[in-house]
Each structure stands twice: as structure tokens, then as C-alpha cells.
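Below is one structure, written out as C-alpha cells, with a few remarks after it.
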Number of protein chains: 2
Amino acid sequence: MNFQERKKKILTALDDAESLTVFELAEILEASPATIRRDLGDIAEEGLLVRTHGGAMKMENPALTGFSEKSGVNSPVKEQIAEKAASYVQDGDIIFLDCGSTVFQMCRYLKKKSIRVITNSLPILAELIDVPSIQINLIGGELNKARKAVHGDKAVQHINGYHAHKAFIGVDGLSAENGLTAHSEHESSITTAFIRNAGQVMLLCDASKIGRDSYVKFAELSAIHTLITDADTAKTAALQQSGLNVEIAG
Amino acid sequence: MNFQERKKKILTALDDAESLTVFELAEILEASPATIRRDLGDIAEEGLLVRTHGGAMKMENPALTGFSEKSGVNSPVKEQIAEKAASYVQDGDIIFLDCGSTVFQMCRYLKKKSIRVITNSLPILAELIDVPSIQINLIGGELNKARKAVHGDKAVQHINGYHAHKAFIGVDGLSAENGLTAHSEHESSITTAFIRNAGQVMLLCDASKIGRDSYVKFAELSAIHTLITDADTAKTAALQQSGLNVEIAG
DNA sequence: TTACTTTTGATCAAAAATAATCAATATTGA
DNA sequence: TCAATATTGATTATTTTTGATCAAAAGTAA
């Protein structure tokens with residue numbers, strides 16, 4: 001049985017029982033306690049259960065923490081990009097965090113830092129709200145329930161009232177010809193606002209999106225200071241020739 | 001049994017009994033008094049109960065735990081007030097919901113309605129986000145982690161950008177002499193903004209707060225259209241003489 | 001007030017659980 | 001196929017939790 005299967009079974013089992021011990025789970029899953037501990041540690045880090053001494057308890061409110069359940073498996077690639085991106089954040093920074101699964105993965109690596117986070121993403125909010133060293137400003141506006149994020153004119157105006165040292169953003173498409181593209185104006189207007197009001201803009205983007213264009217063209221390549229990606233130099237060559245600073249993660 | 005489980009049981013037990021001794025809890029949880037004392041110390045530090053000499057008491061206004069405030073602390077009185085308040089909400093309404101436990105209880109009774117809710121409270125957000133018939137606007141600004149709500153200048157400015165049919169608010173104190181009073185300026189400035197931008201203002205307030213004054217005086221009685229309370233007419237007489245419309249719940 | 005009782009917080013040793021390490025096995029990609 | 005990588009389970013060292021003990025502090029009654 002692999003990790004994904006065990007994860008599913010553990011969460012199902014915890015849904016019935018309020019809480020279970022490592023040994024109970026070891027018996028249910030026919031795996032060793034060591035494996036169960038590793039699994040529980042990983043799942044707890046995703047915020048889907050509460051680790052206790054000796055076992056685990058069901059999360060009371062997975063409503064807003066459910067980015068990982070929505071996007072299924074967080075790919076190792078996204079994690080590497082997120083980790084690299086997080087390494088650009090220093091204590092004392094004020095940063096914008098866009099909504100999007102790769103940016104969300106940064107949370108893990110931000111928890112040890114002393115920073116202020118300004119975001120429109122509810123999963124990010126849920127993930128960081130219990131970290132004492134991180135202060136949070138929430139972007140207000142209309143709530144997009146599907147994306148678990150805030151958007152709209154009011155949100156853009158609100159972002160314009162802030163200035164951050166760095167912005168970490170995502171896109172749907174990126175190419176030397178068309179710059180940054182998205183598949184919705186709602187999203188792109190928020191991202192544009194982050195770009196406009198940040199000192200440095202870091203774009204997190206996995207290889208699959210490079211060279212691909214979506215239909216809303218919302219920013220030039222020159223708006224970005226650094227692209228953080230897992231793509232190889234062959235794919236990013238055109239971008240680098242356009243003067244973009246590229247950082248390969250992994 | 002581990003700490004997380006005991007914590008849950010202690011809070012549940014305290015919800016029924018008003019207060020319990022260390023020895024009573026030790027018996028209920030089958031743990032030693034030393035363990036109970038440690039637990040009570042830790043939980044008290046989180047602000048979820050009041051430590052007394054020899055035991056613990058229920059917190060009247062515990063900081064909203066988690067996003068979704070589960071069972072925990074809803075008194076029947078607050079529920080009656082909340083139900084009555086919700087009966088003032090009609091389909092199509094745009095309403096402001098303040099943060100505070102009584103206003104939060106309204107959520108239960110709002111779920112069948114088709115409305116737009118504008119709020120600064122994260123527990124309310126979490127409670128209503130999955131209701132398809134309710135659209136939500138989130139007030140943006142600085143996040144107060146302890147209260148799980150947004151506040152600050154930006155939040156007030158943001159509220160000023162909206163107009164709602166009705167506002168449902170709470171207070172810490174209410175009297176004919178001093179009007180509405182609060183514990184903190186942060187809270188009161190938000191509530192003031194709701195009052196200023198709503199067509200009708202409904203004040204949800206249990207009997208214990210009537211005739212009591214807190215130290216930040218932030219609005220006149222005349223700002224309120226209807227007081228919804230469980231207090232008897234003896235207590236509300238002075239308020240009614242000042243021209244306040246009083247609705248008794250229950 | 002003073003004497004007496006209760007409660008507490010600190011300390012400590014025992015027990016339980018965990019994290020780290022390592023070898024064996026399974027999986028993946030060339 | 002083989003080499004490289006990842007996963008698993010066992011072993012060991014470390015950490016956490018717990019209950020007992022006891023002096024100090026807080027509460028109570030005279």
C-alpha cells in the first residue's frame with residue numbers, strides 16, 4: 001500500500017472515530033508504527049488532521065484548509081518551486097501572496113520567519129493564522145467560493161492601499177511573445193494589483209505553463225523580477241533572452 | 001488519553017457545569033490532579049477558560065476558537081436572541097454581521113435565506129462559505145488573530161465603501177445614560193462603521209449587558225433601530241423611555 | 001491578627017512516544 | 001537489464017508526558 005492509499009484510509013478512519021492511536025492505525029492499515037508516524041506527520045503538515053502524542057485527532061474545520069484536498073496530490077515540483085521562492089523571504093519582509101496552489105505551498109517554508117503577509121487567499125490565511133511570528137492582512141472584497149479567495153474591484157482598490165517588499169504570484173501562461181496570461185479577468189486584475197504595489201515580483205511557474213498562452217494578457221515580462229521554475233534552460237532560453245532573471249528550483 | 005483529548009473533554013464538561021474542581025475533573029478524565037492542573041494552566045493561557053483556586057470556570061466570551069466555532073459555548077439565551085434577529089432578515093437583503101458570539105449564532109438561522117452577507121468575522125465566513133444561497137463579502141484589513149476578525153483603519157474605510165439594508169451588531173455594555181460601550185477601540189470603530197452604513201441597525205444584547213457600561217463610548221441609543229434581548233421589561237424600561245424599540249426574544 | 005487547611009508549582013524518576021539512523025526491499029528511469 | 005532513488009520496518013537515542021512528593025503560597029476559621 002502506498003502513501004496516498006494510506007492517507008485516504010487514515011482520513012476515512014479518523015472521520016468515523018474521533019481520534020485514533022498510532023497502534024490502532026498500524027493495525028488497520030497493516031503497516032508498522034514507524035510508517036504510521038511518518039504518514040501522520042506528513043498529513044498533519046498538510047493540515048488535514050491534528051497530531052497528538054500517541055496518535056491523531058480529526059480536524060474540526062477542514063473547510064478552509066482544503067487546498068491540498070482540492071488539488072489532489074501536491075507535486076514535488078511545486079514544493080521545490082515553493083521552497084526556493086520562500087528562500088527569498090527575509091525576516092521583516094512584508095509580502096503579497098497570490099492565490100494559487102504553488103504559492104500556497106510556500107506556507108510550509110514561511111512558518112519559521114517573522115514577516116507580514118498580505119493575501120486574498122483563504123487557504124493561506126487558514127494555514128498561517130496560528131503562526132505567532134507572522135502577521136496577516138486580509139484583502140477584502142467579494143468572496144469567490146470556488147477559489148476560496150477574495151476578488152473584485154474593492155479588492156483591487158484595497159491592494160492599492162498597500163505596498164509590499166515582495167510579491168509572489170502565479171500565472172496560467174507565460175511566453176516571451178505574450179508575457180503573462182490568465183484565463184480569467186478576475187484573477188488577473190488581482191495579480192496585476194500585486195505587481196503594481198510590490199518592490200520585487202517573483203513569479204512561481206512550473207514547466208508546463210512556460211511557452212503556453214492563456215487568453216487574458218495582463219502583464220509584460222518586464223514586470224517580473226525573477227521567475228522561479230523547474231523548467232530546464234532549453235525552455236527558459238527565450239525568456240532569459242528577453243531579459244528575465246530565471247531561477248531553477250530543485 | 002492525551003492532552004488534546006483531555007482539553008476537548010474539559011471544555012465540554014465546563015460547558016455543562018458552570019465550574020468544576022480539579023478533583024472532579026481528575027475523576028471525569030481518569031487522570032491525576034497534577035495532570036489536570038497542568039492542563040488547566042495551558043488551556044487558561046489560551047484564554048478558553050478561567051483558572052480558579054481549586055478548579056476552573058467557564059469563560060463567558062471565549063476567543064473564537066478555530067475558524068468554525070463548533071458547539072462549545074452557545075447558551076440557549078444567545079440562541080433565542082439570534083433566532084429572533086435572523087427573523088428580521090428577508091431574501092434579497094444585504095446585511096452586515098459584526099463579530100461576536102451572539103451574532104455568530106445567527107448563522108444557523110440564516111442558512112435557508114438568499115442574502116448577501118458582509119462581515120469581518122472569520123468564524124461567520126467559515127460557517128457560511130458552503131451555503132450556496134448566501135454570497136459573502138469579506139471586510140479586509142489587519143487580522144486580529146485572537147478575535148478571528150479583521151479590524152483597523154483599512155477595514156473601516158472598506159466598510160464605508162458598502163451600504164447594507166441591515167446591520168446586526170453586538171456590544172459590551174448598554175445603558176440609557178451612556179448608550180453603547182465597548183472594551184476596545186478597535187472593535188468599536190468597526191461597529192461604528194457598520195452602524196453608519198446600514199439602513200437599519202439591530203443590536204443583539206443579552207440581559208447581562210444591559211445597564212452595564214464598558215469604557216469606550218461609541219454610539220448613542222438613537223443610532224439603534226431595534227434592540228433584541230432576553231431581558232425583561234423592568235430592565236429595558238429606561239431604554240424604551242429613551243425611545244428605543246425593544247424586542248424580547250424567547 | 002494567628003493557626004490551620006488546601007492548593008499550587010517545582011522537581012524528579014518512570015514510562016511512553018517519538019525522531020533519527022540504518023539495512024533491506026521495492027520502485028523508477030535510463 | 002542495471003543503477004539510482006524511494007520506501008519501509010527494526011533498532012536505538014532522545015524527547016515528552018505523567019504521577020508522586022514536598023515546600024511555599026493562598027485561602028479559611030478562630
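Chain A is the first sequence line, chain B the second, and so forth, proteins listed ahead of strands; every chain is numbered from 1.
Contact annotation: A:T35 side-chain N/O to D:dG9 OP1/OP2 distance is under 4.0 Å. Taking 4.0 angstrom as the limit, B:R51 places a side-chain polar atom (N or O) nearer than this to OP1 or OP2 of C:dT8.
In this structure, CZ of A:R38 is placed 7 Å from C1' of D:dT7, rounded to the nearest angstrom. Rounded to whole Å, the distance from CG on A:D42 to P on C:dA19 is 11 Å. Look at CZ on B:F3: it is 18 Å from C1' on C:dA16, rounded to the nearest Å. Distance CD1 (A:I36) to P (D:dT7): 15 Å, rounded to an integer number of Å. Distance, A:E5 CD to D:dT7 C1': 14 Å, rounded to whole Å. Here D:dT15 presents its P atom at 16 Å from CZ of A:R37, a figure rounded to the nearest Å. For the pair A:R6 CZ and D:dT8 P, the interatomic distance rounds to 4 Å; values are reported in whole Å. Rounded to a whole Å, the CG atom of B:L40 is 8 Å from the P atom of C:dT8.
Salt-bridge formation is detected for the pair A:D93/A:K166: a Lys NZ or Arg NE/NH1/NH2 atom is positioned less than 4.0 Å from an Asp or Glu carboxylate oxygen.
By the 6.0 Å contact criterion, NZ on A:K145 is enclosed, its count of non-hydrogen atoms from other residues, nucleotides or ligands being greater than 12. In this structure, A:E220 places its CD atom where only 12 or fewer heavy-atom neighbours from other residues, nucleotides or ligands lie under 6.0 Å away.
Using a distance-only test at 3.5 Å, with no hydrogens or angles considered, a donor-acceptor pair links the side chain of A:T119 to the main chain of A:L97.
Side-chain contact annotation: A:K113 with A:S133, donor-acceptor N/O pair under 3.5 Å absent. Side-chain contact of A:T191 with A:S188: a donor-acceptor pair under 3.5 Å is absent, judged by distance alone.
With distances taken from any side-chain atom of A:A31 to the nucleotides C:dT18, D:dG9, C:dT8, the minimum falls on D:dG9. Closest approach to the A:F23 side chain among C:dA17, D:dA20, C:dT8 is made by C:dA17 (side chain taken as heavy atoms from C-beta onward). For B:A34, whose side chain is taken as the heavy atoms from C-beta onward, the closest listed nucleotide among D:dG9, D:dG27, D:dG19 is D:dG19.
When the local axes at the two ends of the helix from C:dT1-D:dA30 to C:dA30-D:dT1 are compared, using 5 base pairs at each end, they differ in direction by 50° after rounding to 10°.
Below 30°, between 30° and 60°, or above 60°: for A:H151 and A:H186 the angle between ring planes is below 30°, a parallel geometry.
Residue B:T52 is in sugar-phosphate contact alone, with no base atom involved, counting any heavy-atom pair closer than 4.0 Å across all strands shown.
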